[in-house]
Amino acid sequence: MAYTVTWVLTRPNEETELPTISGISSANKSESDTLMADNGVSKTYEIDGLVTRVIYTFADKAAHDALDFSGTTDHSTVRSNYKQTLIDRGITCVITDSDGVEIANY
């Protein structure tokens, strides 16, 4: 059964832009996209006004758990910079999975 991880990003206003991974590290973005494609992960977007949902779909939870991005260029820097940029811009982020587990909330 498919397993999803959904990021819900809510901007404070229309003028606030969402940060991009490629804006932090184009190498990381490219490597991450390749890693996901090679492992059958799809990524879709739903945009409703100030709310953007990024939905990652895996074959199952085991496929999600086996995926390891730690070897990508600038991995830890991208993670911390992306989170801090969201916080600095007043963008909230809630990450949940299809089992109803809240993974992150800031």
Without placing hydrogens or testing angles, list every side-chain donor-acceptor pair under 3.5 Å for residues 55-63, not counting sequence neighbours.
{"from": "Asp60", "atom 1": "OD1", "to": "Ala62", "atom 2": "N", "distance (Å)": "3.2"}
{"from": "Asp60", "atom 1": "OD1", "to": "Ala63", "atom 2": "N", "distance (Å)": "2.8"}
{"from": "Lys61", "atom 1": "NZ", "to": "Asp65", "atom 2": "OD1", "distance (Å)": "3.3"}
{"from": "Lys61", "atom 1": "NZ", "to": "Asp65", "atom 2": "OD2", "distance (Å)": "3.2"}

**Q.** Co-members of the apolar cluster containing Val51 [side chain, <4.5 Å]
**A.** Val8
Q) Hydrophobic cluster mates of Val94, side-chain heavy atoms under 4.5 angstrom, ILVMFWY only, any path? A)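 Noted: Val94 shares its cluster with no other residue.
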Q. So, do Thr10 and Ile91 sit near enough that their side-chain heavy atoms are less than 4.5 Å apart?
A. no
Q | Residues Asp33, Ser30; criterion side-chain hydrogen bond (donor to acceptor under 3.5 Å, both in side chains); working and verdict | A | CA-CA 5 Å; Asp33 286 349; Ser30 177; over 6 Å; no
Check: residues 76-85 side-chain donor-acceptor pairs under 3.5 Å, at least two apart:
{"from": "Ser80", "atom 1": "OG", "to": "Ser76", "atom 2": "O", "distance (Å)": "3.2"}
{"from": "Ser80", "atom 1": "OG", "to": "Thr77", "atom 2": "O", "distance (Å)": "3.2"}
{"from": "Tyr82", "atom 1": "OH", "to": "Pro19", "atom 2": "O", "distance (Å)": "3.4"}
{"from": "Gln84", "atom 1": "NE2", "to": "Asp88", "atom 2": "OD1", "distance (Å)": "2.7"}
{"from": "Thr85", "atom 1": "OG1", "to": "Asn81", "atom 2": "O", "distance (Å)": "2.7"}

**Q.** For Asp74, all residues meeting salt bridge (charged side-chain N to carboxylate O under 4.0 Å, His left out), sequence neighbours excluded
**A.** none
Q) If you measure from OG on Ser26 to CD1 on Ile21, what distance do you get to the nearest 0.5 Å? A) 12.0 Å
Q. Atom CG in Leu86, atom SG in Cys93: separation rounded to 0.5 Å?
A. 6.0 Å
Test side chain to side chain donor-acceptor pair (under 3.5 Å) applied to [X] - qualifying residues, sequence neighbours left out:
X	result
Thr92	none
Thr73	Glu31
Thr72	Asn28

For residues 98-106, dump all side-chain donor-acceptor pairs below 3.5 Å to protein atoms at least two apart in sequence or in another chain.
{"from": "Ser98", "atom 1": "OG", "to": "Thr4", "atom 2": "N", "distance (Å)": "3.1"}
{"from": "Glu102", "atom 1": "OE1", "to": "Asn105", "atom 2": "ND2", "distance (Å)": "3.4"}

Q: With sequence neighbours excluded, give me every salt bridge (Lys or Arg N to Asp or Glu O under 4.0 Å) pair touching residues 1-14.
A: none
Per-pair distances, 0.1 Å, donor-acceptor, side chain in residues 36-48, under 3.5 Å, sequence neighbours excluded:
{"from": "Asn39", "atom 1": "ND2", "to": "Leu35", "atom 2": "O", "distance (Å)": "2.7"}
{"from": "Lys43", "atom 1": "NZ", "to": "Tyr45", "atom 2": "OH", "distance (Å)": "3.2"}

(Q) For a ring pair (Phe, Tyr, Trp, His ring centres under 6.0 Å) check, start with the C-alpha distance between His64 and Tyr3, then their side-chain angles and the critical distance, and finish with the verdict. (A) CA-CA 8 Å; His64 167 269; Tyr3 175 79; 5.2 Å; yes
